[in-house]
Number of protein chains: 4
Amino acid sequence: MAGSSKRNQNDKRTRIIDAAIQVIAEKSYHLARISDIAKVASVADGTIYLYFKNKEAILLTIFEEKMEELIGIVRLELDAITGAEDRLLCFIEQHFIQVRRHPELARVLQIELRQSSHFIHDYRPESLWEYLKIASEIIKEGQEEGVFRPDIDPFIFQWSLFGALDELSVQWILSKKRERFPFQQVAQQIGSVFLSGLTTK
Amino acid sequence: MAGSSKRNQNDKRTRIIDAAIQVIAEKSYHLARISDIAKVASVADGTIYLYFKNKEAILLTIFEEKMEELIGIVRLELDAITGAEDRLLCFIEQHFIQVRRHPELARVLQIELRQSSHFIHDYRPESLWEYLKIASEIIKEGQEEGVFRPDIDPFIFQWSLFGALDELSVQWILSKKRERFPFQQVAQQIGSVFLSGLTTK
Amino acid sequence: MAGSSKRNQNDKRTRIIDAAIQVIAEKSYHLARISDIAKVASVADGTIYLYFKNKEAILLTIFEEKMEELIGIVRLELDAITGAEDRLLCFIEQHFIQVRRHPELARVLQIELRQSSHFIHDYRPESLWEYLKIASEIIKEGQEEGVFRPDIDPFIFQWSLFGALDELSVQWILSKKRERFPFQQVAQQIGSVFLSGLTTK
Amino acid sequence: MAGSSKRNQNDKRTRIIDAAIQVIAEKSYHLARISDIAKVASVADGTIYLYFKNKEAILLTIFEEKMEELIGIVRLELDAITGAEDRLLCFIEQHFIQVRRHPELARVLQIELRQSSHFIHDYRPESLWEYLKIASEIIKEGQEEGVFRPDIDPFIFQWSLFGALDELSVQWILSKKRERFPFQQVAQQIGSVFLSGLTTK
DNA sequence: CATGAATGAGGCTTCATTCAT
DNA sequence: AATGAATGAAGCCTCATTCAT
């Protein structure tokens, strides 16, 4: 069958990435062993090196590819909505939806991505910045529409918003009794506070 | 001289902790080598084990002692202020002041403390929770005073606020041109947004 | 070639055990370095850990496997002989034959096995006891046959005999001029003394 | 007071030796730490080095001094007895008496002394040989008196006897229920066997 | 492409010994 | 003489990476 070899390749590559996400989420990057990832992916240790240059490259691939996917999804959802206020609420809601859908990925992206610049020489998390740009663009739109306070610096605001979303997501992920952080309510509350804080009276 | 031996001991212990903060801030816990810490502290590798059970204990000590110090300072500053609104602004301002004063410590506390529960079996960052409790208590006071919206869940809000403060602090620390994040403005903006979002109209 | 991979594995495992026996015999367990053993076995240090959990496990394996081998051999030889007296002489002779055949193994078993219960928590040298049981069973047989004094406690006797055999073996091993302890004569003398001491007049 | 300083010195030196015997008996030489010995002796770690060149010297001192003491005691007891047979029985009895009186010392002498030549470069346990010489001299006397078989090699015999005494002592020391090895009976049995094996009919 | 046994560099930690007080 | 804090050499072990099959 045409493409089957290629598909199998992709299959194996995908399995390695998924396994890496799972293992890194559970143990953190430095404690995740290549052999753990290989076992979960059902491949030999050496096979991983056919698809990735080294351990670090797996992490970088997760950052790049998964963030790109995420950004694509969020952008698609936002395209259907008009009005800066609703678009901001949608962004917030989507963040939590994605975290709930892929909690292990979220954990890797949130915790490991943050400290990546420590241990990956010269790594700049461009994809994270692109994700944040979505938020700051919404702010700018709102300011142009006149619905958001013009004195708010979108650059500063994007980090505030992201920090809040990120922290709550981490807590939800870590939380053993996740019902203490009901997603609907969390999204509603944070949306409410930030919108109230942002909108012109 | 009376107490000199004890003072020297404290001296050495303090030097080790400070060296650890510096090295961990620079390389992250897992890449910080005991020998690096010893070199910075100007002691022999083995000396570290006279003061700490093992590498992990150094990190835990930093968490415990430094957070306690921080909480004490912040609580002291807050005691001088009345009114939930001003107290919240003071909390926000103090957070940035402390981060700017001890950026390396901030980096360790923010990044390593967060993921510590990953690799330190059964570690619960109680001190972080106590820090957050300061914020949620201010919210509750404000709600009782009638100046803060009663529909806000203080538990959720504390994480939002902390996430925002934390993220901006990280960005300030990472930022090579820190003037892009002028502290005064950042504190003012975030205070403004959260207060506006929080206060009853 | 079928089984070649398995054979190679066994090869390497065997080489490690043999190297360990050689190095431990020469230096004693605590002074035997993993790197010494690895060098003698012509493997990398890390390879040893593919076959053994840790250093202690190598020693335990030597105890278990080699004692079992030894017991098997001695039992086989004894099966061909009838009469408690001749069986006892055979046991004595076999002890010296095995020691002369594998002097390094003998040294490890004699010296390290004896003190193993000191440093290996909760280790009970069962295999040593099984070896000794061979002797005490011969005594009991002889007592039932009426050729051995009934007032002799086989349990005490087995230790006396083993102590004597063991001590002479150690002296032979340590002896630089081993001709001072000619095996034939030693076996004959000790057999003669113990038999005379044991038989009913 | 004249001699008090000297006496204190001896006191401290004695305490170190006794502590070393205790700790080495419990953990074996290599696992006995200088700091353990210092703690038991109630002296500082460094003090030990005022009395002994290094760790090895402590062990050697135990070997030399305690064996000399032991030999003196046994010789004294033997002086009161005539007749090779009774003297041999006395030697056997004394061995067990001394072991029971100083089980920890016995353990050190028996187990560590045996393997000392492994780890103490060029150490020859002369004192052990002198102890054994007591036995072989009794044999020679008995042969001259005509009560012991002339075909027995005293040199071989001394090791047989010592091995048996030693093994039973070790088992008594290791034994948790020492009543399984009642001293009187053990001494009587071993004396009976060796005498019967040794005497001319 | 796939395997997984083998490698060996390098880290954490211990502990005999030293030396300033 | 006594102390015990400090030293630093050295060992066990892990694990990312390689390579022969």
Side-chain angles (χ1 to χ4, degrees), chain A residues 5-6 8-9 12-13 30-39 42-58, chain B residues 1 4-6 8-9 11-13 30-39 41-58, chain C residues 1 4-6 8-9 11-13 30-39 41-58, chain D residues 5-6 8-9 12-13 30-39 42-58:
Chain A
S5 136
K6 179 72 178 204
N8 284 342
Q9 278 185 35
K12 205 158 280 189
R13 187 177 184 281
H30 277 107
L31 296 185
R33 286 178 289 151
I34 287 288
S35 59
D36 292 334
I37 297 171
K39 196 174 296 167
S42 301
V43 298
D45 292 20
T47 304
I48 289 179
Y49 289 85
L50 299 176
Y51 293 91
F52 300 94
K53 180 168 164 279
N54 53 29
K55 189 182 174 186
E56 192 176 295
I58 303 175
Chain B
M1 196 196 306
S4 104
S5 135
K6 179 73 180 202
N8 285 341
Q9 276 184 37
D11 231 43
K12 206 155 281 189
R13 187 176 184 280
H30 278 107
L31 295 186
R33 304 295 157 218
I34 287 288
S35 58
D36 295 334
I37 295 172
K39 198 172 297 168
S42 300
V43 297
D45 292 21
T47 303
I48 290 179
Y49 291 85
L50 297 177
Y51 294 92
F52 301 94
K53 186 169 161 279
N54 53 29
K55 190 183 172 187
E56 190 176 298
I58 303 175
Chain C
M1 195 197 305
S4 105
S5 135
K6 180 71 180 204
N8 285 341
Q9 276 185 37
D11 230 43
K12 206 156 281 189
R13 188 177 183 280
H30 278 107
L31 295 185
R33 302 297 155 216
I34 287 288
S35 57
D36 295 333
I37 296 171
K39 198 171 297 165
S42 301
V43 297
D45 291 22
T47 303
I48 289 178
Y49 291 86
L50 297 177
Y51 295 91
F52 301 94
K53 187 170 161 278
N54 53 29
K55 190 182 170 187
E56 190 176 299
I58 303 174
Chain D
S5 134
K6 178 73 180 199
N8 284 341
Q9 278 183 36
K12 205 157 281 188
R13 186 175 184 284
H30 278 107
L31 296 185
R33 285 177 290 150
I34 287 288
S35 59
D36 292 333
I37 295 170
K39 196 174 295 167
S42 300
V43 298
D45 293 20
T47 303
I48 289 180
Y49 290 85
L50 298 176
Y51 294 91
F52 300 94
K53 182 167 164 279
N54 53 29
K55 189 181 172 186
E56 192 176 296
I58 304 175

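Numbered from 1 within each chain, the chains take letters A, B, ... in sequence-line order.
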Rounding to a whole Å, what distance do you find between [X]:[atom1] and [N]:[atom2]?
X: C:Ile48; N: E:dG8; atom1: CD1; atom2: C1'; answer: 12 Å
X: C:His30; N: F:dC12; atom1: NE2; atom2: P; answer: 10 Å
X: A:Leu50; N: E:dG4; atom1: CG; atom2: P; answer: 13 Å
X: B:Lys39; N: E:dG11; atom1: NZ; atom2: P; answer: 10 Å
X: B:Asp45; N: F:dA6; atom1: CG; atom2: P; answer: 14 Å
X: A:Tyr51; N: E:dA2; atom1: OH; atom2: C1'; answer: 9 Å
X: A:Ile37; N: E:dT3; atom1: CD1; atom2: P; answer: 16 Å
X: A:Asp36; N: E:dG4; atom1: CG; atom2: P; answer: 16 Å

Distance below 4.0 Å between [X] side-chain N/O and [N] OP1 or OP2:
X: A:Arg33; N: F:dA16; value: no
X: C:Lys55; N: F:dC13; value: no
X: D:Lys12; N: F:dA2; value: yes

Give the nucleotide from the list F:dT17, F:dC15, E:dT3 with an atom nearest to the side chain of A:Tyr49.
->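 Output: F:dT17.
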Approximate separation, where rounding is to 0.5 Å, of A:Ile48 CD1 and A:Lys12 NZ |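 Reported to 0.5 Å precision, the distance equals 11.5 Å.
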Quick one: pull up CD1 in D:Ile34 and CG in D:Asn54 and give me the separation to the nearest 0.5 Å.
->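 One gets 8.0 Å once the value is rounded to the nearest 0.5 Å.
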Tell me which of D:Ala44 and A:Glu56 sits closer to the 5' end of DNA chain F, going by the nucleotide each one is nearest to.
->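 Of the two residues, D:Ala44 wins.
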When we call it a touch if two heavy atoms are under 4.0 Å apart, what does C:Ile34 touch: a base, just sugar-phosphate, or nothing?
->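 Sugar-phosphate, backbone atoms only, no base.
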Sugar-phosphate, base or nothing in reach of C:Ala32, heavy atoms under 4.0 Å =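 Sugar-phosphate contact only.
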Under a 3.5 Å limit for both distances, which nucleotide forms a Watson-Crick or G-U wobble pair with E:dA20, could you say?
->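 Paired with F:dT3.
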Nucleotide opposite F:dC13 in a Watson-Crick or G-U pair, distances under 3.5 Å |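 Paired with F:dC13, as far as the under-3.5 Å criterion goes, is E:dG10.
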What heavy-atom pair brings C:Asp45 and C:Ala38 nearest, and what distance separates the two atoms?
->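 Shortest heavy-atom separation between C:Asp45 and C:Ala38 comes out as OD1-CB, 3.4 Å.
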Want to settle it: does C:Thr47 or A:Val43 sit nearer the 5' end of DNA chain E, counting the closest nucleotide to each?
->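 This one resolves to A:Val43.
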Audit row: A:Leu31, B:His30, side-chain contact (heavy atoms from CB on, under 4.5 Å) steps and yes/no = CA-CA 9 Å; A:Leu31 296 185; B:His30 278 107; 3.7 Å; yes
If you measure from the Lys or Arg side-chain nitrogens to the Asp or Glu carboxylate oxygens, is any gap between D:Asp36 and D:Arg33 under 4.0 Å?
->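 Counted as a salt bridge, because a side-chain N and a carboxylate O are separated by less than 4.0 Å.
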